[in-house]
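Comments concern the structure below.
In the text below, chain A, chain B and the rest are named by the order of the sequence lines, each starting its count at 1.
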Amino acid sequence: MNVWPYQDKSFTTEEIAQKLLGCLLVRESPEGLCGGYIVETEAYLGVKDQAAHVYGGRRTPRLEAFYREGGIFYIYTLHTHLCLNVITQSETQPEGILIRALEPAIGLDIMAQRRHKTGKLLTNGPGKLTQALGVDKAQDYGSSVGESPLRIDFLKRKVPKLVGKAPRIGIPNKGEWTSKNLRYFVEGNPYVSDAKGAKDSSRDWII
DNA sequence: AGGCGGATGTTCT
DNA sequence: GAACATCCGCCTA
């Protein structure tokens, strides 16, 4: 059975963010099944993290998922796009992980239809991957990552050869939190959102 | 009512 | 590959 493997809270959010790399994110829809391997994540460390939505203990209707159990999706709207996050801890410890990029693996034709794009442009950004998968806020917000139309397969995973660490994207003026290396990615994978060259795609996975 | 949040896609070298 | 126009819902005032 495919369930949230970090229920016992014995792992930090930073650790889980790295463990999610290589896991298969899939989405079931009337159009068919599609999905890809997670290649880029960012950790958001709760009320003390100036870049987190819940910084300072903020609690508003859209943030409710943070104050529930780990292993559910938190989805927020950014202009026209949706950003997909996994809640990692507990009611009293509102932390989460932003999924920033996928390597397409299943239903490439369906994703291309939704994106009107192909290749890297399919899923190499947080808003692009939600569009490619057909993520729907009303349907997927708060749903379980283990068994829902939108879910993560923690078993059939690839193993990154090398995990890169870097500061998170787009959070200037957040004090020390701006420069912390809380962004993780599969080194050399061409689908990482700011991968420039994208040449060395042969050396990204062990398996 | 107004401002903020960041990602996308186009257009220009 | 860098610059910029555009996108709109949630919160705070």
Are E91(A) and R68(A) ion-paired here, with the side-chain N under 4.0 Å from a carboxylate O?
no
Rounded to the nearest angstrom, tell me the gap between atom CG in L82(A) and atom C1' in dA7(B).
12 Å
Take atom CH2 of W177(A) and atom C1' of dG5(B), then tell me their distance rounded to the nearest Å.
20 Å
Which whole-number value in Å describes the distance from D194(A) CG to dA7(B) P?
11 Å
Rounding to an integer number of Å, can you tell me how far L129(A) CG sits from dA7(B) P?
12 Å
Examine dT8(B): is either OP1 or OP2 under 4.0 Å from a nitrogen or oxygen in the side chain of R115(A)? Give yes or no.
no
Round to the nearest Å and state the distance from I99(A) atom CD1 to dA7(B) atom P.
15 Å
In whole Å, what is the span from the NZ atom of K117(A) to the C1' atom of dA7(B)?
14 Å
Once you round to the nearest 0.5 Å, how far does OG1 of T118(A) lie from CD of Q113(A)?
13.0 Å
Do the charged groups of E103(A) and K158(A) touch, with an N to O distance under 4.0 Å?
yes
Per-nucleotide protein contact string for nucleotides 6-13 of chain C, where B marks a base within reach and S marks sugar-phosphate only (heavy atoms under 4.0 Å, - for neither):
-BB-SSS-
State whether the number of non-hydrogen atoms from other residues, nucleotides or ligands found under 6.0 Å of D8(A) atom CG is greater than 12.
yes
